[in-house]
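Here is the structure we will look at.
A quick note: this is a predicted structure, and the numbers were derived from the prediction, not measured.
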Amino acid sequence: MRQSQLFTKTRFEAPKDEVAKNASLLIRSGFIHKEMAGVYVFLPLGLRVLENVKKIVREEMNRIGGQEVMMTTLQPKEIWEKTNRWDDSVVDNWFKTKLKNGTELGVGLTHEEPFVDAVGEFIQSYKDLPILTYQIQNKFRNELRAKNGLLRGREFVMKDMYSFARTEEEHNLLYEKVAEAYHKVYARLGIGHLTLRTSADGGIFTKKFSDEFQTLCDAGEDTVYVNEEKKISINKEVYTDENLEKLNIKKEDLTERRGIEVGNIFPLETKYTEALGVRCKNDKGEPEPIIMGCYGIGISRLVGALAEIFGTETSMIWPEAVAPFKIHLIDLSGSDEGVKKATEDLYQKLKEKDLVLIDDRDARAGEKFADADIIGLPIRIISSKKTLEKNGFEVVNRVTGKTEVLSLEDILETYGI
RNA sequence: CGGAGUAUGGUGUAACGGCUAGCAUACUCGCUUUGGGAGCGAGCAGUCUGGGUUCGAAUCCCAGUACUCCGACCA
């Protein structure tokens, strides 16, 4: 992609209506646009990051047998009434609307009911189980107060997966399989070492714990007690002597930290399937309850978390797996036709694999470097008279700081072109 | 939802109730410049909305709206 044609621009000044580092940084780099409090537009570079996160999540969910679907945003109130989650006194952050004829509708804030409703149609026999199905979709929550940029919005992108199992054992197997997949997702995003499976409140429908995936970061909204060494973590909301004993954790081993909840998995038991009348026949032809699990990953929240972790106010380095492009090619050819041609040749090659953003603007070096710092592509290749005199290009790995002059052939070989 | 604060060109800011609302940046044009946000000149562009007080309101008052922060909430 040519930066001269990219319609977004970086900006020098921080937006005054954002305090959160993630939103401020991403607005300054032109990755997102604030539409209103808690609602953000993903611009070309930001969308590429978001899509890369989705891709990784998809691959890992598919790998464990997840089947992707897409539920609807508009929701009929009937199914929510069956589980007693329609009334505002029970769930107060619904966005609701009406059809022309007055029929009430909900705007999806989560999708347990619709999944049970839609998937349940196909569950007749125990032979149909287990099922693991998911979607990546926008969620709408009427939060009383949006804050922290992408970390808590009113409209956000989430991956939610649901498992349907016949027995407790079958459920537990799926549950652990998903947990393992989650660890893989965070590892691929470059935050595996910071992300801990955390015991948390199981919610209002189960007496069990749920498991959150907390990425340690001071900007996080949750307080967790952790032992990074032993990979132990427990959310403050369930941090009691009784629970510590139940979980076999020693208080002295833990330190208080802040965490961003980047994922949450919890057992739903039979609450939703029973309420919506979804059962399966066992081998004697008798109806049996179905055990559910629910597994979420905040996709857009992860983009914010990455900005918090890998960014400063004026600089960013995206993990290679999600960077909008891997390489930022800085064209410093000026009016030198020879350098310009060499740069263009390299660009055309790297473009074949969609690896590169070229700064071909008629701008000075300082401006280009400053922009490249905040846009945050992990590899920087500088092309100028200086580098061409050495028969190559200056290649900087921004993570390690390693700088070397490589020839066109060397670079192409590195990327398998 | 309780409390506090803020609102001025695209962006960031300044202006005692009183001069043509200033500065920076961005943008447009011209010249110069070209490895860390260059220089000179010219130009475009603004007081959140609605009321009120006053000879006179960006400034004071009321209402609304939006945004931010603290708290509560977050299935």
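B:rC73 is unpaired under the criterion used here, namely a Watson-Crick or G-U wobble arrangement in which both key atom distances are under 3.5 Å. Nucleotide B:rA7 is matched to B:rU65 when pairs are restricted to Watson-Crick or G-U wobble geometry with both distances under 3.5 angstrom. Across all strands shown, B:rG35 has no partner, as no Watson-Crick or G-U wobble contact with both distances under 3.5 Å is found. Across all strands shown, the partner of B:rG30 is B:rC40, judged by Watson-Crick or G-U wobble contacts whose two distances both fall under 3.5 Å. With both pairing distances under 3.5 Å, B:rC55 is matched to B:rG18 as a Watson-Crick or G-U wobble pair. Nucleotide B:rG46 forms a pair with no other nucleotide shown, judged by Watson-Crick or G-U wobble geometry with both contacts under 3.5 Å.
Under a 3.5 Å cut-off, the side chain of A:Asn243 and the backbone N or O of A:Val238 do form a donor-acceptor pair. Under the 3.5 Å distance criterion, the side-chain polar atoms of A:Glu113 are left unmatched by any main-chain donor or acceptor of A:Ile79. In this structure, A:Thr195 contributes its side chain and A:Ile191 its backbone to a donor-acceptor pair below 3.5 Å. In this structure a side-chain-to-backbone donor-acceptor pair under 3.5 Å is missing from A:Ser89 to A:Asp87. The backbone N or O of A:Val322 sits less than 3.5 Å from a side-chain atom of A:Asn52, completing a donor-acceptor pair. With A:Asp359 contributing its side chain and A:Arg361 its backbone, the two residues share a donor-acceptor pair below 3.5 Å.
When the P atom is used for both B:rU53 and B:rG12, the distance is 34 Å, rounded to whole Å. For the P atoms, the distance from B:rC44 to B:rC48 is 23 Å, rounded to whole Å. Atom name P, nucleotides B:rU28 and B:rA38: the rounded distance is 16 Å, in whole Å. Rounded to a whole angstrom, the distance from the C1' atom of B:rA57 to that of B:rA24 is 26 Å. For the P atom pair drawn from B:rG56 and B:rU68, the interatomic distance equals 37 Å after rounding to whole Å. Rounded to whole Å, the separation between the P atoms of B:rA26 and B:rU6 comes to 30 Å. Rounded to the nearest Å, the gap between the P atom of B:rC70 and that of B:rC60 is 26 Å. Only the C1' atoms considered, B:rU25 is 15 Å distant from B:rA14, to the nearest whole Å.
Ring geometry for A:His171 versus A:Tyr175: interplanar angle of 30 to 60°, hence tilted. The aromatic rings of A:Tyr225 and A:Tyr239 lie parallel to each other, with less than 30° between the two planes, well short of the 60° mark. Using bins of under 30°, 30° to 60° and over 60° for the plane-to-plane angle, the ring pair A:Phe213/A:His183 lands in the perpendicular bin.
In this structure, CG of A:Asp92 is placed 8 Å from P of B:rC74, rounded to the nearest angstrom. Summarising the geometry, the separation between CG on A:Asp88 and P on B:rA75 is reported as 17 Å, rounded to the nearest angstrom. We find that CG of A:Leu25 is positioned 19 Å from P of B:rU11, with the value rounded to whole Å. Taking atom CG of A:Asn148 as the reference point, atom C1' of B:rC69 lies 11 Å away to the nearest angstrom. Distance A:Glu143 CD to B:rU68 P: 13 Å, rounded to the nearest Å. Atom pair A:Arg154:CZ and B:rA66:C1' shows a separation of 11 Å (rounding to whole Å applied). We find that OH of A:Tyr272 is positioned 11 Å from P of B:rA75, with the value rounded to whole Å. Counting to the nearest Å, the P atom of B:rA75 and the CZ atom of A:Phe95 are 16 Å from each other.
Within residues 30-43 of chain A, the residues approached by RNA chain B to less than 4.0 Å at the level of any non-hydrogen atom are A:Lys34, A:Met36, A:Ala37, in residue-number order.
Looking at heavy-atom distances under 4.0 Å, A:Ile330 makes no contact with the nucleic acid at all. Among the protein residues, A:Val91 comes within range of the nucleic acid bases, having at least one heavy atom under 4.0 Å from a base atom.
With the nearest nucleotide of RNA chain B identified for both A:Glu237 and A:Ala14, A:Ala14 has the one nearer the 5' end.
In this structure, A:Trp318 has its ring center no closer than 6.0 Å to that of A:Phe325.
Classification of A:Arg197 and A:Asp211 as a salt-bridged pair holds, one side-chain N sitting under 4.0 Å from a carboxylate O.
Phosphate contact (OP1/OP2 of B:rC70, side-chain N/O of A:Arg145, threshold under 4.0 Å): present.
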request  = Using a 4.0 Å heavy-atom cut-off, write out nucleotides 31-41 of chain B from 5' to 3' as B (base contacted by protein), S (sugar-phosphate only) or - (no contact).
outcome  = --BSBBBB---
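When the nucleotides B:rU11, B:rU8, B:rC74 are ranked by their closest atom to the side chain of A:Lys16, B:rU8 comes out on top.
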